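Everything below concerns the one structure shown next.
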Protein chains: 2
Amino acid sequence: MGLRERKKLKTRVALIDAALDLFLEQGYESTTIDQIAAAVDVSPRTFFRYFGSKEEVALAPATDAQDVFLSELHDRPGTESPFTALAQAMRGAVALLRDGEPEDKQRFLKARQVVEATPTIFAGQMRLMLANERRILEEVARRRGADDLRSQFVTATFTSTIRVGFENCTVEELSDLEGMTKRLEDTFALVDDLMTPDWDR
Amino acid sequence: MGLRERKKLKTRVALIDAALDLFLEQGYESTTIDQIAAAVDVSPRTFFRYFGSKEEVALAPATDAQDVFLSELHDRPGTESPFTALAQAMRGAVALLRDGEPEDKQRFLKARQVVEATPTIFAGQMRLMLANERRILEEVARRRGADDLRSQFVTATFTSTIRVGFENCTVEELSDLEGMTKRLEDTFALVDDLMTPDWDR
DNA sequence: GTAGATTATGTCAGTCCATGACAGATGACA
DNA sequence: TGTCATCTGTCATGGACTGACATAATCTAC
């Protein structure tokens, strides 16, 4: 990797970190692009060369996490039922974060706090999840061998499950991956309980 | 109702109609507040006295529809299971729209087209639905006698069901309540199929 | 290492969304 | 009719974003 590429990556991460710290400190709305840019010592115009909007920088960690999830999903064995594969991919993504760089984990947790505290950002995350849902649907349809209403429902149920799991996290659990994992497992277990056997086949 | 009050209501509806027509004609992003205000012959500043943001005017019909739904939900008999009550309330809300003023119906369908065509507005609608979900959860928890994870899941499943039903609408079905109704019924039937008996009790 | 091509960055000007302040217009009501 | 409350327009401002252009940094080939 050349110097230029490394420098860009560094600036990008610096912008995300500066933005998240400012958002947590003084709130998303009252933080200006000028402040974020000044903290990293770049011009405001440069900020917009890295991120298309103020919202995008707040959602960058979530976006990255979703990419990790999708990559995990593609690695799941084809024998697993759709929902099992989705749940396992989620566990895999969380495990990667847990065993990875502490800085990445911190960044992810900070971003989650910002998302949770800011309605407009929360809506943006929903948009991300729905965009992702299309790619998840492809995988579900592939495993079930049918791109129909039922595949859509399986996919939407997974999205709901993740969402409800996250929503139940208390403030302290938001800064702790273990707590988040437990909430997710509880919700996965409930789905197993309420669905008819092979509902996702 | 006094003249002043009637005039305000008239201006509000005129702003919504003008905005929706412009959004459909030239797209949401490329429509300016100035254009909307000019079409109704008020100052741009006045627009913001009726709507807090450009997004709000696009979501006004959706907001009204959700209020109707909640009111229907409260009217459902207490003997119905939570999910049944939710589905029936939805049917009731659609029926009200079908049998009501043709203009209201047209406005609702136009707004749905704009929502469907504009990602940022779509995200906004998600935010609306999630805000509503809290009030729906109260009703579900009341009927089940427990404000727990399961009540949350029932509520989230309902939201997903509505969303999937709407998503499946083709472009022509978006301008036709009957088509939308059929999609919703298909999705309700699927839920009945995939869930264990009394899953929502 | 130097020249020339690429690409990143800063500066500047401009548009649009959104909000506060104030003054004038209009409906409400005794 | 006169007074009061409320609505509206005008003006000024700040902050998000974008296009255009010049400068500076990196890369590539020699």
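Nothing here was measured: the structure is a model prediction, and the numbers come from that model. Reminder, nothing fancy here: chain letters follow the sequence lines and each chain counts from 1. What's counted below: heavy atoms across the whole structure, side chains too, no hydrogens, waters or symmetry copies.
By the salt bridge (Lys or Arg N to Asp or Glu O under 4.0 Å) test, B:Arg4 is found to be paired with no residue, residues two or more places apart in sequence or in another chain being considered. In this structure, the side chain to side chain contact (heavy atoms under 4.5 Å, CB included) partners of A:Leu70, at least two apart in sequence or on a different chain, are A:Leu73, A:Asn132, A:Arg135, A:Ile136. Scanning for side chain to side chain donor-acceptor pair (under 3.5 Å) contacts around A:Glu56 gives an empty result, with sequence neighbours left out. Here B:Arg45 pairs with nothing under the salt bridge (Lys or Arg N to Asp or Glu O under 4.0 Å) rule; sequence neighbours left out. With sequence neighbours excluded, the residues forming a side chain to side chain contact (heavy atoms under 4.5 Å, CB included) with A:Glu80 are A:Arg76, A:Pro77, A:Thr84, A:Ala85, A:Gln88, A:Arg143, listed by chain and number. Take B:Arg163 and apply the side chain to side chain donor-acceptor pair (under 3.5 Å) test, not counting sequence neighbours, and it matches A:Glu133, B:Glu167. Partners of A:Arg98 under the salt bridge (Lys or Arg N to Asp or Glu O under 4.0 Å) rule, at least two apart in sequence or in another chain, do not exist in this structure. Partners of B:Arg134 by side chain to side chain contact (heavy atoms under 4.5 Å, CB included), not counting sequence neighbours: none found. Applying the side chain to side chain contact (heavy atoms under 4.5 Å, CB included) rule to B:Asp186 yields the partners A:Leu149, B:Lys182; only residues at least two apart in sequence or on another chain are considered.
At whole-Å resolution of the value, CG in A:Leu22 and P in D:dG15 are 14 Å apart. Separating the CD1 atom of A:Ile121 from the P atom of D:dA16 is a distance of 12 Å, rounded to the nearest angstrom.
For DNA chain C, the span of nucleotides reached by chain A at under 4.0 Å from its heavy atoms goes, 5' to 3', from C:dT6 to C:dT11.
Taken residue by residue, residues 35-55 of chain B places heavy atoms nearer than 4.0 Å to DNA chain C at B:Arg45, B:Phe48, B:Arg49, B:Gly52, B:Ser53, B:Lys54.
Minimum interatomic distance between B:Ser53 and B:Phe48 (heavy atoms only, all atoms of both residues): CA-CE2, 4.1 Å.
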Exercise for review: Going 5' to 3' through nucleotides 25-30 of chain D, assign each nucleotide B (protein heavy atom under 4.0 Å from a base atom), S (under 4.0 Å only from sugar-phosphate atoms) or - (no protein heavy atom that close).
Suggested key: BBS---

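Note on A:Thr31: only backbone sugar-phosphate atoms sit closer than 4.0 angstrom, heavy atoms only; bases stay farther off.
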